[in-house]
There are 2 protein chains.
Amino acid sequence: MSIDRRSGCPINLSLEVFGDRWSLIILRDMIFGGKRHFRELLNGSIEGIASNILADRLKRLMELGLLTKADDPSHKQKAIYSLTEMAITLVPIMAQLGAWGRVWLPVTEELSIRAELLEKGGPPLWEQFMDELRHEHLGAPSKTPPGTPTVRQQLRAAYEAVVARKAEATVD
Amino acid sequence: MSIDRRSGCPINLSLEVFGDRWSLIILRDMIFGGKRHFRELLNGSIEGIASNILADRLKRLMELGLLTKADDPSHKQKAIYSLTEMAITLVPIMAQLGAWGRVWLPVTEELSIRAELLEKGGPPLWEQFMDELRHEHLGAPSKTPPGTPTVRQQLRAAYEAVVARKAEATVD
DNA sequence: TGCAACTGATTGCAAAATGCAATCGGATTG
DNA sequence: CAATCCGATTGCATTTTGCAATCAGTTGCA
């Protein structure tokens, strides 16, 4: 289930990592949704992944070096998954993918608001977000000045603003 | 074979477009390799796609609006495939994918030199390249000043420089 | 005129991946 | 001590993929 090296082209090799239906969805939920546990990923995502596929992909992503697994100290049978630096540096790719999809595909407003925020913020915001992820997942010291709202807070606020506005619009 | 809208998330929808093993490879060969005919794509790529898969993906990419097909006036049964604007704007994604793969995956130098050039050139070079692609595939007037070396020429020159250096190194 | 080579595909078939539902043993909660 | 939650695993039907062979129409050349 590891890489089979169809060719040494970077685009081909990248595709061998997440050129399937689920790997990038799982990483999206971990990066943007903050999901760390099996059940969160299983029930939390809109798309509804099957548990056997999830188990298989988590294993595969660990073998490829994108995730690590550790025991959750608070709960003996709970495992906590962490992003590695390799996975965290996917943020710019996710941002570009989101920006492209927003332009060309029938995205829904609630779900594309995050992509819009990331697009507007540009590389500086991506860097801040990666810094936060390194802090959460790798225990690295955060470089962002205290008091700055986190990117995840901004993402959540933007999402809820859209939902609230939509609810209001249906009342009118 | 069209999009099934598992969810309206931009990343999910993007994955439904090219979250398979071949679609992005075909687009890569058209964008970077300048391939326009069935046989060029079939025999030209390093990875070796099967003809039925190629036919299926070309059809699918046309249905999704990423490619168009036209008769080649010089040859009654030759078809010429063109990139649409939707496909041309994948260049930044390709660049980011290449940059990521170059850092984290066992790429070969000959095949990653293009990714390196695109990374070093940054967004201005991507824009120039997209402009050239619009000229080639959509018949748009080119905005790049005359005399400027095309990006494809630069890509080719960089590739051949690596190959030549490697050949020399084995002689020494 | 004849024929080989080339054009964009199509067909048949085996193997692999996917999706779904049910289930597992251990841990925790009430 | 029963119910629930934990990260998975199993069995099975469906779908997708990969490979080899083949297709009919077109072209170049003798």
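Just so we're on the same page: letters track the sequence lines, and every chain starts at 1.
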Check the pair B/Glu109 / B/Arg102 against side-chain contact (heavy atoms from CB on, under 4.5 Å), numbers first and verdict last.
CA-CA 9 Å; B/Glu109 194 182 1; B/Arg102 226 163 62 77; over 6 Å; no

Test log, rule ring-ring contact (aromatic ring centres under 6.0 Å, His included), inputs A/Tyr159 and A/Phe32:
CA-CA 12 Å; A/Tyr159 173 76; A/Phe32 297 103; over 10 Å; no

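Computed from coordinates, the B/Leu61 CG to C/dA9 P distance equals 13 Å when rounded to whole Å. Taking atom NZ of B/Lys78 as the reference point, atom C1' of D/dT27 lies 10 Å away to the nearest angstrom. Rounded to whole Å, the distance from CD1 on A/Ile49 to P on C/dG19 is 8 Å. Put simply, CG on B/Asp71 is 16 Å from P on C/dT7, counting in whole angstrom units. What separates CD1 of A/Ile26 from C1' of C/dT18 is a distance of 13 Å, to the nearest Å. To the nearest angstrom, C1' of D/dT15 lies 15 Å from CD of B/Glu16. Atom CD of B/Glu47 and atom P of D/dG18 are 12 Å apart (whole Å). In this structure, the CG atom of A/Asp56 is 15 Å from the C1' atom of C/dC20, given to the nearest Å.
Among the nucleotides D/dA21, C/dG8, C/dT18, the one closest to the side chain of B/Tyr81 is C/dG8. Comparing atom distances between the B/Ser51 side chain and each of D/dG18, C/dG8, D/dA21 picks out D/dA21 as nearest. Closest to the B/Asp20 side chain, of the nucleotides D/dT9, D/dT17, C/dT7, is D/dT17. Closest to the B/Asn52 side chain, of the nucleotides D/dA20, D/dG7, D/dT9, is D/dA20.
Not a single ring pair (Phe, Tyr, Trp, His ring centres under 6.0 Å) links A/Phe38 to another residue, sequence neighbours left out. Legend: residues meeting side-chain hydrogen bond (donor to acceptor under 3.5 Å, both in side chains) with B/Trp126, ordered by chain and number and at least two apart, are absent. In terms of the salt bridge (charged side-chain N to carboxylate O under 4.0 Å, His left out) criterion, residue partners of A/Arg156 (sequence neighbours excluded) are, by chain and number, A/Glu160. Every salt bridge (charged side-chain N to carboxylate O under 4.0 Å, His left out) that A/Asp20 has, sequence neighbours left out, goes to A/Arg57. Residues meeting the side-chain hydrogen bond (donor to acceptor under 3.5 Å, both in side chains) test with A/Gln77, sequence neighbours left out: none. Applying the side-chain hydrogen bond (donor to acceptor under 3.5 Å, both in side chains) test to A/Glu127 and every residue at least two apart in sequence or in another chain returns nothing. Residues that satisfy the side-chain hydrogen bond (donor to acceptor under 3.5 Å, both in side chains) test with B/Ser45, not counting sequence neighbours, are absent from this structure. Legend: residues meeting salt bridge (charged side-chain N to carboxylate O under 4.0 Å, His left out) with A/Arg152, ordered by chain and number and at least two apart, are A/Glu136.
An OP1 or OP2 oxygen of C/dG19 is reached within less than 4.0 angstrom by no side-chain nitrogen or oxygen of A/Arg21. Taking side-chain N and O atoms only, A/Trp22 has no distance below 4.0 Å to OP1 or OP2 of C/dA17.
Each of B/Asn43 and B/Ala55 was assigned the nucleotide of DNA chain C with the nearest heavy atom; the assignment lying further toward the 5' end belongs to B/Asn43. Looking at which nucleotide of DNA chain D each of A/Lys69 and B/Ile53 is closest to, the 5′-most match is held by A/Lys69.
A distance-only check finds a donor-acceptor pair linking the side chain of B/Ser14 to the backbone of A/Leu97 [under 3.5 Å].
Within residues 34-42 of chain B, the residues approached by DNA chain C to less than 4.0 Å at the level of any non-hydrogen atom are B/His37, B/Phe38, B/Arg39, in residue-number order.
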Considering only distance and modelled atom types, tabulate donor-acceptor pairs under 3.5 Å from the side chains of residues 87-95 of chain A, sequence neighbours left out.
residue, atom, partner, partner atom, Å
A/Thr89, OG1, A/Glu85, O, 3.2
A/Thr89, OG1, A/Met86, O, 3.0
A/Thr89, OG1, B/Trp100, NE1, 3.2
A/Thr89, OG1, B/Trp104, NE1, 3.0

Identify each atom pair where a protein N or O and an N or O of nucleotides 24-26 of chain D are less than 3.5 Å apart, giving names and distance.
residue, atom, partner, partner atom, Å
D/dG25, N2, B/Gln77, OE1, 2.3
D/dG25, N3, B/Gln77, OE1, 3.3
D/dG25, N3, B/Gln77, NE2, 3.3
D/dT26, O4', B/Gln77, OE1, 2.8

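In the helix from C/dT1-D/dA30 to C/dG30-D/dC1, the rotation axis of the first five pairs and that of the last five pairs differ in direction by 10°, rounded to 10 degrees.
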